[in-house]
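Input: a single structure, listed below in C-alpha cells.
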Amino acid sequence: MSRIASLDPASATGRAAELLAATEKQLGRAPNLYRSMAQSPAALDGYLALRAALGKGVLSTRMKEQIALLVAALNGCDYCVAAHTFRGGKIGMAPHDLALTQLARSFNPADQVALEFVRTLVEQRGRISDAGFAAMQQAGWDDAAIGEIVGQVALNVFSNYFNHVATPALDFPAPVQELHA
C-alpha cells in the first residue's frame, strides 16, 4: 500500500490537476509516482520543470535513459528501474543494453566512461576525482554535457527517493534481467 496516496487525475483539483493533465498529455498517462508526487504540487512542479529544462540540453534521449536506469539501479528503486527499462525499450534499447546499463557498462567507450562517472557521482555523493573528470573530457564529454549529467543524476535521485518514501504501486511491467553481475 502506498504511503502517499496516488491522486486520481479525474478528481484532482488546482495545480495538481493541471500538472497531472500536462503529464497525461506528454506521456499518455500519469504514472503512479507522479500521482503520488502530485499530493505536493510544488514537488511535482519542480520535478517536471527540471525534467523539461534538461530535455532541452545536449544529451541524447538514450543517454538520459541510461542515466535514469543506472541511478535507479544504484539506489535500489525497483519502481524506477521498471519505468526506465520500459522507456528504454520504447526508444529502441535492446534488453542486453538495458541490463548492461544497470551494471554501469556499455560497449560504447564514451558511454562507458559516462556511466562510470554517474556511478561515482551516486556512490561518492557528487565527489569526482580530477582523474575521473579528466576521463570524461578525454572521452569527448564537454562541460555542457557533464553539467547535464549531474542534473540528470539529481533529477533521478529525487524521483528514486520520492518513490522510497511514497511507495506507489508499480504500474510498469516488471523488467526481466538478462545479465547477472
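Numbers for residues simply follow the sequence, beginning at 1. Being a predicted model, the structure only gives us computed values, none of them experimental.
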To the nearest 0.5 Å, what is the distance between CG (Asn32) and CG (Leu170)? 8.5 Å

Atom pair CG/OH of Leu19 and Tyr34 - distance to nearest 0.5 Å: 11.5 Å

Determine the minimum heavy-atom distance between Arg127 and Thr120, stating which atoms define it. O-CG2, 3.8 Å

Over all heavy atoms of both residues, which pair between Arg119 and Ala104 is shortest? Give the atoms and the distance, please. NH1-CB, 3.5 Å

At what distance, to the nearest 0.5 angstrom, does CG of Asp143 lie from CD of Gln137? 6.0 Å

Taking atom types as modelled and ignoring hydrogens, do the side chains of Ser2 and Thr167 form a donor-acceptor contact shorter than 3.5 angstrom? no

Closest approach of Ala135 and Val113, non-hydrogen atoms and distance? O-CG1, 3.6 Å

Are Ile91 and Ile67 joined in one hydrophobic group, where the rule is that I, L, V, M, F, W and Y side chains link up if heavy atoms are under 4.5 Å apart? no

Any Leu121 side-chain heavy atom under 4.5 Å of Val71 side chain: no

Nearest-0.5 Å distance, CG of residue Leu70 to CG of residue Leu100: 11.5 Å

How long is the straight-line distance from CZ of Arg87 back to NE2 of His84, given to the nearest 0.5 Å? 9.5 Å

Identify every side-chain donor-acceptor pair in residues 145-166 under 3.5 Å, counting partners at least two apart or on other chains, and give the distances.
unit_1: Glu148; atom_1: OE1; unit_2: Val58; atom_2: N; d: 2.9
unit_1: Glu148; atom_1: OE1; unit_2: Leu59; atom_2: N; d: 3.2
unit_1: Glu148; atom_1: OE2; unit_2: Val58; atom_2: N; d: 2.8
unit_1: Asn156; atom_1: ND2; unit_2: Gln152; atom_2: O; d: 2.7
unit_1: Ser159; atom_1: OG; unit_2: Asn156; atom_2: O; d: 3.1
unit_1: Asn160; atom_1: OD1; unit_2: Asn75; atom_2: ND2; d: 2.9
unit_1: Asn160; atom_1: ND2; unit_2: Asn156; atom_2: O; d: 3.1
unit_1: His164; atom_1: NE2; unit_2: Asn75; atom_2: O; d: 2.9

Compare every heavy atom of Gly88 with every heavy atom of Leu98, then report the nearest pair and how far apart it is. CD2-CA, 3.9 Å

Under 4.0 Å between a side-chain nitrogen and a carboxylate oxygen: does that hold for Arg62 and Glu65? no

Nearest-0.5 Å distance, CZ of residue Phe86 to SG of residue Cys80: 14.5 Å

Residues Arg35, Asp171: salt bridge by 4.0 Å N-O rule: no

Closest non-hydrogen atom pair between Leu7 and Ala16, with its separation: CD1-CB, 3.9 Å

Quick one, Gln66 and Asp97 - any side-chain contact, counting heavy atoms below 4.5 Å? no

So which heavy atom on Trp141 is nearest to which on Ala110, and how close? NE1-O, 2.9 Å

With a 4.5 Å heavy-atom cut-off, do Asp8 and Ser11 have their side chains touching? yes

Please say whether more than 12 non-hydrogen atoms of neighbouring residues, nucleotides or ligands are located less than 6.0 Å from CG in Asp142. yes

